[in-house]
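I have placed the structure first, in the form of structure tokens, so that the comments after it can refer back to it.
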Amino acid sequence: MNETRRAVLDALADGPVPGPELADRLGVSRNAVWKHVEALRDAGFDIGSGDGGYVLEAVPEYGGPAVEFGLEAPFEIEYHDAVGSTNDRARELADEGAADVVVLADEQTGSRGRLDREWSAPPGGVWLSAVLRPDLPPAHVPALTLAAAVATTDAAREAGVPAEIKWPNDVLVGGDDAEGTERGGRKLAGILTEMEGEADRVSWVVVGVGVNVNVAGDDLPEGATSVQEEVGAIDRRVFVQRLLETFDALRADPERAVEAWRDRSATLGQRVRVDTATGAVVGEAVDVAFPGALVVETDDGERVRVHAGDCEHLRPV
Ligand code: BT5
């Protein structure tokens with residue numbers, strides 16, 4: 001949404017305000033105000049016009065302008081009813097030079113998990129990818145994945161779902177007693193971070209977050225859960241706003257992101273098996289080290305730092 005339109009919307013939210021007064025205040029013509037009001041109505045905002053002038057009566061339920069309205073973070077939202085993969089669209093935007101744009105979709109038809117695994121993204125979920133140009137060395141980018149996991153967990157908790165994080169990027173519900181799936185719980189959300197850069201400089205990062213929000217359990221793979229399954233359907237607009245606001249605060253402070261991750265971890269203290277590119281590491285997960293490595297104490301007492309891999313929570317020996 002451009003700045004004038006945003007200013008018109010903010011004024012209407014505090015309205016009623018007469019059109020001519022608003023035109024004077026914003027330094028634009030009356031006709032321009034009228035055009036912005038019509039465009040906002042087309043975007044689904046309910047704008048009344050009575051004796052006192054224009055007033056905002058209702059905000060659309062979901063979509064780009066709805067999420068941008070009242071969002072306390074500097075992201076522009078590009079909304080799609082359906083898209084192949086929000087990460088793929090975000091990468092296109094990144095190649096065109098975009099920054100701080102969030103691609104948001106109601107449904108994805110070709111979304112991906114890590115290692116090109118399939119990701120189910122039926123209508124009703126929160127599927128989003130943020131295009132970022134962080135001033136970070138490439139080695140610190142994993143902290144952004146942890147920040148996204150924290151932001152997702154906190155948004156879920158605010159909605160009443162007791163979510164926790166399994167290293168590095170799975171948001172789970174139900175803990176080790178959850179039925180139906182591996183130890184650690186049922187999967188509520190996953191994160192896929194992709195980047196382009198040189199040895200010492202990040203060009204762009206795309207952080208893709210998929211959260212099963214208003215989705216029925218039958219539409220999800222086995223071992224998955226949704227906010228709807230846990231507590232009933234919620235307002236996705238507020239959910240996305242909270243997620244992006246927390247993420248925005250943490251991306252500026254990667255050290256704090258790692259600390260926040262520790263506090264929400266289901267993995268620390270667990271016996272784990274991490275499958276890495278060079279083999280499996282088995283032992284107790286004792287810490288997460290900046291910018292996101294899992295520290296595993298193996299049975300012979302050695303502390304191993306694992307930077308990437310698939311982590312499974314094991315039964316205690
Ligand atoms: C992930 O991969 O968990 C990362 C998922 C990232 C998805 C987002 S959605 C927005 C953005 N656009 C994209 O195209 N992707 C990102 P991984 O850890 O590899 O887990 C993948 C596995 O999770 C699959 O093999 C399934 O077993 C399971 N799975 C698939 N869809 C799921 C869902 N909706 N909920 C829970 N589990 C799912």
Side-chain angles (χ1 to χ4, degrees), residues 67 75 77-94 101-132 142 144-146 148-149 151-153 155-156 161 163-174 178 180-182 184-195 205-230 236 239-240 243-244 247 266-267 272 274-277 292 294 306 308-313:
V67 172
F75 295 114
I77 312 290
E78 181 187 286
Y79 178 78
H80 300 263
D81 286 328
V83 69
S85 152
T86 54
N87 263 46
D88 290 348
R89 175 61 191 143
R91 292 175 65 123
E92 273 172 28
L93 292 170
V101 178
V102 172
V103 181
L104 177 68
D106 181 43
E107 175 183 14
Q108 293 177 109
T109 51
S111 46
R112 299 177 277 118
R114 291 178 302 150
L115 306 170
D116 270 332
R117 292 181 194 125
E118 252 179 60
W119 180 260
S120 309
V126 163
W127 323 119
L128 65 83
S129 300
V131 183
L132 312 169
L144 294 176
T145 301
L146 300 196
T152 304
T153 301
V161 180
E164 291 185 309
I165 312 170
K166 187 180 81 161
W167 185 86
N169 65 350
D170 284 352
V171 178
L172 305 178
V173 183
T181 180
E182 59 180 302
R186 297 176 298 268
K187 185 155 165 173
L188 180 74
I191 296 160
L192 175 65
T193 302
E194 298 179 295
M195 62 172 272
V205 177
V206 167
V207 178
V209 181
V211 195
N212 305 321
V213 178
N214 297 337
V215 180
D218 287 348
D219 294 332
L220 292 170
E222 207 179 316
T225 189
S226 67
V227 173
Q228 182 174 312
E229 287 293 310
E230 301 293 330
R236 278 188 295 172
F239 184 93
V240 173
L243 193 163
L244 292 178
F247 178 73
T267 300
V272 297
V274 191
D275 286 317
T276 76
L294 188 67
V306 187
D310 277 318
C311 173
E312 191 188 339
H313 292 179

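Each ligand, and each atom within it, is numbered from 1 in the order the structure gives.
Ser129 counts as a contact of ligand 1, since one of its heavy atoms falls under 4.0 Å from the ligand. Assignment of Leu188 to the shell around ligand 1 is not supported, since no heavy atom sits closer than 4.0 Å. Not a single heavy atom of Leu115 sits less than 4.0 Å from an atom of ligand 1.
Residue Ser85 has at least one heavy-atom neighbour below 4.0 Å for each of these atoms of ligand 1: 12 (N), 13 (C), 14 (O). The contact set between ligand 1 and Leu220, taken as ligand atoms under 4.0 Å from a residue heavy atom, comprises 34 (N). Near Asn212, the atoms of ligand 1 lying under 4.0 angstrom from a non-hydrogen atom of the residue are 33 (C), 34 (N), 35 (N), 36 (C). Here is the list of ligand 1 atoms found below 4.0 Å of a heavy atom in Ser111: 13 (C), 14 (O). Against a heavy-atom cut-off of under 4.0 Å, Lys187 is close to the following atoms of ligand 1: 1 (C), 3 (O), 17 (P), 18 (O), 20 (O), 23 (O), 36 (C), 37 (N). Under a 4.0 Å criterion applied to the non-hydrogen atoms of Leu128, ligand 1 contributes the atoms 10 (C).
Polar contact check, Thr86 against ligand 1: a nitrogen or oxygen pair lies under 3.5 Å apart. Taking distance alone, with nitrogen or oxygen atoms compared against 3.5 Å, Asn169 stays at or beyond that limit from ligand 1. Residue Asp310 places no N or O, backbone or side chain, under 3.5 Å from any N or O of ligand 1.
Contact check on Glu78 versus Arg89 returns a salt bridge, with a Lys/Arg side-chain nitrogen under 4.0 Å from an Asp/Glu carboxylate oxygen. Salt bridge status for Glu229 with Arg186: absent, with no side-chain N to carboxylate O gap under 4.0 Å.
What sits closest to atom 31 (N) of ligand 1 on the protein, heavy atoms only, is Ser120 N, 3.0 Å. For atom 2 (O) of ligand 1, the nearest protein heavy atom (residue, atom name, distance) is Arg114 N, 3.1 Å. Nearest protein neighbour of atom 24 (C) of ligand 1, counting heavy atoms only, is Glu118 O, 3.4 Å.
Here Pro221 has side-chain heavy atoms under 4.0 Å from ligand 1, and that is the only part of it that gets that close.
One option in Arg186, Gln108, Arg117 has a heavy atom closer to atom 21 (C) of ligand 1 than any other, and that option is Arg117.
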* To do: Test side chain to side chain donor-acceptor pair (under 3.5 Å) on Ser129 and Asn87 and set out the steps.
  => CA-CA 5 Å; Ser129 300; Asn87 263 46; 2.6 Å; yes
